[in-house]
Amino acid sequence: MNRPTKSSDTNTAPDNALRLEFEDNRLAQQLFGAHHSHLARIEQKLHIVMDARGNQVTLSGPEDAVEEGGKVLDDLYDRLKRGQTVERQDVDAALRMTSSPGPASSGDVAVQIRQRTVLARSPTQASYIDAIDKHDMVFGLGPAGTGKTYLAVAKAVERLVSGEVDRIILSRPAVEAGEQLGFLPGDMREKVDPYLRPLYDALYDMLPAPQVVKRLDSGEIEVAPLAFMRGRTLANAFVILDEAQNTTAVQMKMFLTRLGDNSRMVITGDLSQVDLPKGTRSGLRHAVEVLEGVSSIAFVTFTESDVVRHPLVTKIVRAYNIAEQQQGTGSQYEPE
């Protein structure tokens, strides 16, 4: 990465200061944000002071924080040079990526889907993408809003479009219906669609609507409740089980043993949101305990710090974790 100009003139920059100059004035203004809102966000998070003039900005404060702020601006400026936009969530993502060991920037770990690029927005997301690339089976564990399902669907679409797999199979347990789908009104698609809607939403975000419809009709993409997986062998496929905390141990074993040749499986779930009947143990929790240490299986655990939805979601997850700790319910996701 070509780093913007760093000032070494002690007459113009205070101690522990870094002056950056960006070649493209137009991109610099996008980088700084309307009324320098992006710079204010970085100042708030890193407890530094940023003074922008024209296409230059001077960062001052604790040395480590100043250096981190410079890396954040480098990352965001490179994003703009690639023709991408920079919004508040991108600033937050860059802050997460530079504050933890791992990839140098969010641009180093990405999912490529033709004209669409899905970037890792936290170090855990980067580890998750890397695990999916390197392992036959990956468990993504953690609270809502961390991108577990979204990134899994992105990797599935990437592999389907590139020809690495012949089909995508997306599944969820229809736990609210107790898997007794025959008692629900309507045809089969009308019965199961409400439970699978989040998976459809992710697909439509990755591919143009006509392509999604065409691939669904051809069977290249299949979205089905967990009950439909019984008795099948899923070869040459990218298979995702979402909301896996709502499986029983028997259902989870059934699903995991569907894995066929040249296939990948990603299992996602949040063990703090189990909707099973009282006294029924989660198949996801059981699988984590049983399969720990098995080669070719990776476990990636997200925390509240990886939440990439509205900032309020992070606060909600933290508040619930604190309440569960006080009540002694033992939530898996500890507040930081």
Asks: Do T303 and S305 meet the criterion of a side-chain donor-acceptor pair at a distance under 3.5 Å?
Replies: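 Judged by distance alone, the side chains do pair up.
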Asks: Please answer whether the main-chain N or O of F302 pairs with a side-chain N or O of T124 as donor and acceptor at a distance below 3.5 Å.
Replies: no
Asks: Inspect the contact between E158 and K155 and indicate whether a charged nitrogen and a carboxylate oxygen are less than 4.0 angstrom apart.
Replies: yes
Asks: Under 3.5 Å, side chain of K148 to main-chain N/O of P143, donor-acceptor pair present?
Replies: yes
Asks: Give a yes or no on whether the backbone of T85 and the side-chain of R79 come within a donor-acceptor separation of less than 3.5 Å.
Replies: yes
Asks: Do D51 and T58 have a side chain donor and acceptor closer than 3.5 Å?
Replies: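 There is no such pair (donor and acceptor under 3.5 Å, judged by atom type) between the side chains of D51 and T58.
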Asks: Do you know which two heavy atoms are closest between A131 and V138, and how far apart they sit?
Replies: O-CG2, 3.5 Å
Asks: Testing V157, V213, L207 one by one against I221 for a side-chain contact (heavy atoms from CB on, under 4.5 Å), which residue passes?
Replies: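 Result for side-chain contact (heavy atoms from CB on, under 4.5 Å) with I221: L207.
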Asks: Please report the C-alpha distance between V165 and N236 in whole Å, then the side-chain angles of each, then the deciding distance to 0.1 Å, and finally whether the side-chain contact (heavy atoms from CB on, under 4.5 Å) criterion is met.
Replies: CA-CA 5 Å; V165 296; N236 299 310; 5.6 Å; no
Asks: Between D130 and K134, does at least one N-O distance fall below 4.0 Å, as a salt bridge requires?
Replies: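 Judged by the 4.0 Å cut-off on N to carboxylate O distance, D130 and K134 do form a salt bridge.
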Asks: Identify whether the distance between the nearest side-chain nitrogen and carboxylate oxygen of R167 and E220 falls below 4.0 Å.
Replies: no
Asks: Quick check: does any side chain N or O of Q29 sit under 3.5 Å from a backbone N or O of N55, one acting as donor and the other as acceptor?
Replies: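 It does not hold such a pair.
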Asks: Salt-bridge test for D90 and R88: reply yes if a basic N is under 4.0 Å from a carboxylate O, no otherwise.
Replies: no
Asks: Salt-bridge test for E222 and R232: reply yes if a basic N is under 4.0 Å from a carboxylate O, no otherwise.
Replies: yes
Asks: Do V49 and V66 land in one hydrophobic cluster if side-chain heavy atoms of ILVMFWY residues count as linked below 4.5 Å?
Replies: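 No.
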Asks: Would you say the side-chain atoms of D306 and S122 include a donor-acceptor pair closer than 3.5 Å?
Replies: yes
Asks: Look only at the side chain of H38 and the backbone of L31, and say whether a donor-acceptor pair between them is shorter than 3.5 Å.
Replies: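 Side chain of H38 to backbone of L31: a pair is present.
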Asks: For atom CD of Q89, is the number of surrounding heavy atoms from other residues, nucleotides or ligands below 6.0 Å larger than 12?
Replies: yes
Asks: I'd like to know whether L259 forms a side-chain contact (heavy atoms from CB on, under 4.5 Å) with M137, so could you lay out the CA-CA distance, the side-chain angles of the two residues, the decisive distance to 0.1 Å, and finally the verdict.
Replies: CA-CA 9 Å; L259 186 67; M137 184 177 292; 4.1 Å; yes
Asks: Indicate whether any N or O donor in one side chain lies under 3.5 Å from an N or O acceptor in the other, for Q273 and D270.
Replies: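 Short answer, yes.
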Asks: Rounded to the nearest 0.5 Å, what's the gap from CZ on R41 to CG on L95? Could you check?
Replies: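 Answer rounded to 0.5 Å: 7.5 Å.
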Asks: Ignoring hydrogens and geometry, is there a side-chain-to-backbone donor-acceptor pair from Q125 to R121 under 3.5 Å?
Replies: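 Yes, Q125 side chain to R121 backbone: donor-acceptor pair under 3.5 Å.
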Asks: Is it true that R281 and E289 have a side-chain N and a carboxylate O under 4.0 angstrom from each other?
Replies: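 So R281 pairs with E289 through a salt bridge.
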Asks: F22 vs F32 aromatic rings, parallel, tilted or perpendicular, using cut-offs 30° and 60°?
Replies: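 The rings of F22 and F32 stand perpendicular, inter-plane angle above 60°.
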Asks: Salt bridge or not between D217 and K214? Use side-chain N to carboxylate O under 4.0 Å.
Replies: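 Here D217 does not pair with K214 in a salt bridge, since their nearest N and O are not under 4.0 Å apart.
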Asks: If I take atom CZ from residue F238 and atom CD1 from residue I132, how far apart are they, to the nearest 0.5 angstrom?
Replies: 5.0 Å
Asks: Can you confirm whether V266 sits close enough to F139 that some side-chain heavy atom of one is under 4.5 Å from a side-chain heavy atom of the other?
Replies: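 Not in contact.
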Asks: Taking A237's backbone N and O only, do any of them form a donor-acceptor pair with S263's side chain (distance below 3.5 Å, no angle check)?
Replies: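 Such a contact is found between S263 side chain and A237 backbone.
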Asks: Among side-chain atoms of Y77 and D24, is any donor-acceptor pair under 3.5 angstrom?
Replies: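 Per modelled atom types, Y77 and D24 side chains form no pair under 3.5 Å.
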Asks: Take D78 and K81, measure what salt bridge (Lys or Arg N to Asp or Glu O under 4.0 Å) needs, and give me the verdict at the end.
Replies: CA-CA 5 Å; D78 279 355; K81 288 197 296 183; 3.6 Å; yes
Asks: So that I can tick it off, tell me whether R264 and D133 are bridged by a salt bridge, with the cut-off set at under 4.0 angstrom between side-chain N and carboxylate O.
Replies: no
Asks: So, does Q245 use its side chain to make a donor-acceptor pair with the main chain of L284 at under 3.5 Å?
Replies: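 Looks like no, no N/O pair under 3.5 Å.
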Asks: Heavy atoms, side chains only, cut-off 4.5 Å: are T149 and L199 in contact?
Replies: yes
Asks: Indicate, with yes or no, if M265 and V294 share a hydrophobic cluster defined by side-chain heavy-atom contacts under 4.5 Å among Ile, Leu, Val, Met, Phe, Trp and Tyr.
Replies: yes
Asks: Look at the side chain of N246 and the backbone N and O of V274, then say whether any donor-acceptor pair between them is shorter than 3.5 Å.
Replies: no
Asks: Would you say Q251's side chain and T248's backbone share a donor-acceptor pair under 3.5 angstrom?
Replies: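 The answer is yes, because a donor-acceptor pair under 3.5 Å joins these two groups.
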Asks: Does any part of the side chain of Q56, heavy atoms only, come nearer than 4.5 Å to the side chain of L20, both counted from C-beta?
Replies: no
Asks: Determine whether more than 12 heavy atoms belonging to other residues, nucleotides or ligands lie under 6.0 Å from atom NE2 of H286.
Replies: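 No.
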